[in-house]
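Please read the structure below before turning to the comments.
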Amino acid sequence: MEAIGTFIGMAASTVAVLLWLLTFHKRFFISIVKTEKVAAYGVYTEWGEACRTHFWYLIKALFPGNSPSTQDRLTLERQVQEAFHQQFGSDQGGNVLIAHSCRSIFYYVIRYFLSNAKEVHGRRTIRICLPSLHFGSFYRIIRGIEKSLDCCIELYEVDLNENDWTLDQDSVDEEEFKKCDLLMCQHLFGLPLNQDRLVKMARKFDIPILEDCVQSGSLFGKYRGYAESDIIMYSGGLDKTPPCFGGGFGFFRNTPWGMKIYEHCNSLHNALPLDTWQGRFMTCFNIMVHLMIAKDSFGFNSLMGLVSYVWLTERGDYINWYAMSLKVRKAKAITPFQHTESGFLRRPSAYQLQSMLYGLSRKERLKEVAQHEFRSRELLLSTIPPKYHRALFPWMTAGVLEQYKEMQGVSEFSWVVSPIGDRMHLCQFLNDHFIVVMINTTWEANEKSKSAVGKCVNDNLIYLPNINEATDELIVRVGKALTMYCQDLEKTGEVMF
């Protein structure tokens with residue numbers, strides 16, 4: 001009888017706890033069940049694949065006789081250079097630099113111009129022409145170099161057109177432009193950004209061109225950079241293509257500027273220490289955490305949802321997925337991106353070179369992703385009435401949509417903007433409809449800039465669930481939620497579409 005009484009007491013306590021949870025924390029359970037936990041990342045490596053490749057390269061080196069020798073590393077480096085050159089275009093003459101990350105190559109190039117300015121003018125002062133919307137990592141590197149070297153890097157920014165977010169090249173003053181030491185071409189939204197006039201002026205005034213192709217649609221797409229560019233960079237990072245779990249690829253053309261800058265960059269690169277086994281392992285570990293978030297491996301995001309509910313959400317409310325996503329993205333302890341100079345100023349280890357060689361072999365898989373992306377984008381747009389397209393996706397003109405099809409690239413992210421310029425309002429709306437979003441952390445605007453459109457774009461962009469990771473059902477849900485949002489704005493008179 002005593003045992004029965006104990007059992008009944010425990011059962012009653014359990015029921016009471018469940019009733020309490022369902023009464024006061026019902027929305028937590030609804031969020032966990034109803035939210036399809038697809039994040040902003042487009043990560044084109046599977047969990048098991050990462051274990052079989054990137055981690056295996058590290059683990060097998062622990063066995064006697066399997067640790068790569070110096071000669072093994074040099075052989076791997078040559079193989080990666082050849083594989084990249086073959087993919088980029090073996091008919092194009094130039095030198096390939098394989099670095100720890102794309103940030104490394106950018107750092108080398110900036111250091112060249114600062115050294116050159118010191119020799120010619122006696123002071124480290126340079127001027128760079130670039131779009132007003134900056135890739136955040138490069139912008140932070142510039143500001144970091146200014147502090148560490150006591151130099152001045154001035155930015156001559158070209159703003160975007162307000163109506164379609166193309167580059168406002170007509171606003172560029174030739175007299176101001178020819179004072180620049182470097183033209184830096186950057187791309188947005190997974191497509192090449194038209195910078196024809198700037199490139200022509202750069203050739204006219206003999207200004208070197210550095211082109212960052214990370215956001216241009218992937219190395220495996222059709223775009224290979226401007227023929228006039230002296231240096232072209234690609235990244236093999238977490239959510240980049242080729243998917244290498246880290247790495248930077250620089251192509252220095254056989255132009256006078258390209259050869260001169262390569263000589264300096266290669267010298268600086270070769271003077272750096274090699275990355276260690278431990279350093280590579282921690283990089284892979286951090287990337288794996290973010291891969292598990294992107295793929296919701298083993299229900300990992302449900303655990304993250306619980307953490308978010310406890311620390312970031314008002315009790316009794318839905319899980320604040322967008323706040324949690326931002327916290328994880330910015331968490332320095334598990335960042336998959338090295339922002340400190342000590343992190344990226346290393347030569348890649350043999351283990352990383354093996355990963356880079358593997359990533360460069362994934363062309364056929366990425367072709368499938370590109371085709372899937374095009375179909376998914378069409379599906380998303382088909383679920384939203386055309387009159388709302390311009391307000392939600394200002395850059396997606398008819399020409400841009402055709403270009404997506406023609407270039408056959410892969411976009412890193414899937415973006416949307418708030419029609420009323422209040423991204424947190426839209427984030428909350430989508431959160432309440434069980435869709436995981438996050439505010440922009442990729443791009444950054446110069447706080448001292450007078451470029452109003454670039455600042456507005458930077459402050460208004462939102463990551464949607466990545467369409468390359470989302471199911472068709474989720475894409476339709478996202479489209480319907482965005483339609484409802486626009487309809488609500490229309491009813492209240494806040495926006496006339």
Side-chain angles (χ1 to χ4, degrees), residues 14-43 47 239 288-331 333-334 376 379-380 383-384 392 413-418 420 422-441 461-489:
T14 303
V15 170
V17 169
L18 288 174
L19 286 173
W20 176 78
L21 286 172
L22 291 173
T23 301
F24 296 102
H25 301 279
K26 181 180 178 181
R27 287 189 169 190
F28 164 74
F29 294 101
I30 292 174
S31 287
I32 287 291
V33 173
K34 284 195 172 184
T35 304
E36 191 168 345
K37 302 162 194 73
V38 176
Y41 301 113
V43 179
W47 188 88
D239 42 9
M288 187 64 119
V289 171
H290 289 264
L291 181 150
M292 291 175 71
I293 293 170
K295 306 291 184 182
D296 192 22
S297 305
F298 310 110
F300 188 73
N301 290 340
S302 294
L303 175 61
M304 298 300 295
L306 175 60
V307 173
S308 175
Y309 184 76
V310 172
W311 294 105
L312 301 172
T313 305
E314 290 289 333
R315 295 296 178 272
D317 203 349
Y318 294 124
I319 294 170
N320 194 331
W321 293 105
Y322 63 88
M324 181 270 289
S325 299
L326 186 61
K327 287 280 186 184
V328 172
R329 178 82 169 178
K330 289 191 168 185
I334 55 168
S376 296
L379 176 61
L380 176 64
T383 62
I384 303 170
L392 295 167
F413 300 111
S414 305
W415 299 99
V416 70
V417 311
S418 167
I420 58 173
D422 185 350
R423 61 182 176 184
M424 301 313 295
H425 186 261
L426 179 53
C427 281
Q428 187 61 54
F429 181 89
L430 293 173
N431 193 82
D432 290 343
H433 286 78
F434 313 110
I435 295 167
V436 179
V437 294
M438 184 173 71
I439 63 170
N440 162 51
T441 61
L461 279 171
I462 299 168
Y463 305 99
L464 287 173
N466 195 288
I467 59 174
N468 290 325
E469 303 284 357
T471 61
D472 286 354
E473 291 77 13
L474 177 57
I475 291 171
V476 170
R477 273 181 56 197
V478 170
K480 288 181 177 179
L482 290 172
T483 300
M484 288 171 57
Y485 185 74
C486 290
Q487 288 171 341
D488 288 350
L489 294 178

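We number each residue from 1, following the sequence as shown. The model shown is predicted, which means the values in this text are computed figures rather than measured ones.
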Given side chain to side chain contact (heavy atoms under 4.5 Å, CB included), test Arg477 with Glu36 step by step and report yes or no.
-> CA-CA 10 Å; Arg477 273 181 56 197; Glu36 191 168 345; 4.1 Å; yes

Dump the intermediate steps for ring-ring contact (aromatic ring centres under 6.0 Å, His included) on Phe429 and His433, then the final yes or no.
-> CA-CA 7 Å; Phe429 181 89; His433 286 78; 4.3 Å; yes

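Formation of a donor-acceptor pair under 3.5 Å by the Lys295 side chain with backbone atoms of Val43 is found in this model. Checking side-chain atoms of Asn466 against main-chain N and O of Ala40 turns up a donor-acceptor pair under 3.5 Å. In terms of modelled atom types and a separation under 3.5 Å, the side chain of Tyr463 and the main chain of Thr441 share a donor-acceptor contact. Under a 3.5 Å cut-off, the side chain of Asp296 and the backbone N or O of Val38 do not form any donor-acceptor pair. Remark: side-chain polar atoms of Ser325 are not paired, donor with acceptor, to backbone N or O of Met438 under 3.5 angstrom. Side chain of Asn301 to main chain of Ile293: a donor-acceptor pair is present (N/O by atom type, distance under 3.5 Å, no hydrogens or angles). Judged purely by atom type and a 3.5 angstrom limit, Thr35 has no side-chain atom pairing as donor or acceptor with the backbone of Ile32.
Taking CG of Leu303 as the reference point, atom NZ of Lys37 lies at 11.5 Å (rounded to 0.5 Å). Between atom CG of residue Leu464 and atom CD1 of residue Ile475 there is a gap of 10.5 Å, rounded to the nearest 0.5 Å. The distance from the CG atom of Leu326 to the CG atom of Asn440 is 10.0 Å, given to the nearest 0.5 Å. Of the inter-residue distances, the one linking Leu426 atom CG with Leu482 atom CG reads 6.5 Å to the nearest 0.5 angstrom. The line from CD1 of Ile319 to CZ of Phe29 is 9.5 Å long, rounded to the nearest 0.5 Å. Between atom SG of residue Cys486 and atom CD1 of residue Ile384 there is a gap of 7.5 Å, rounded to the nearest 0.5 Å.
Shortest non-hydrogen contact noted between Leu474 and Ala470 is CD2-CB, 3.8 Å. When every heavy atom of Ser418 is checked against every heavy atom of Tyr485, the shortest pair comes out as OG-OH, 3.9 Å. Contact between Tyr41 and Glu469 at its shortest, heavy atoms only, is O-CG, 3.3 Å. Residues Gly479 and Thr383 share a closest heavy-atom pair of CA-OG1, 3.2 Å. The minimum heavy-atom distance linking Ile420 with His425 is given by the pair CD1-ND1, 3.9 Å. Across all non-hydrogen atoms, the minimal contact from Ile439 to Met424 is CG2-SD, 3.6 Å.
A 4.5 Å side-chain heavy-atom check between Asp239 and Phe413 finds at least one atom pair inside the cut-off. At a threshold of 4.5 Å between non-hydrogen side-chain atoms, the residues Tyr322 and Leu430 do not count as touching. Within the 4.5 Å cutoff, side-chain heavy atoms of Leu306 are placed close to those of Phe28.
Between Phe434 and Tyr318, the angle of the ring planes goes over 60°, which puts this pair in the perpendicular group of the 30/60° scheme.
A side chain to side chain contact (heavy atoms under 4.5 Å, CB included) with Arg423 holds for exactly one of Leu461, Ile462, Val437, Val416; it is Ile462.
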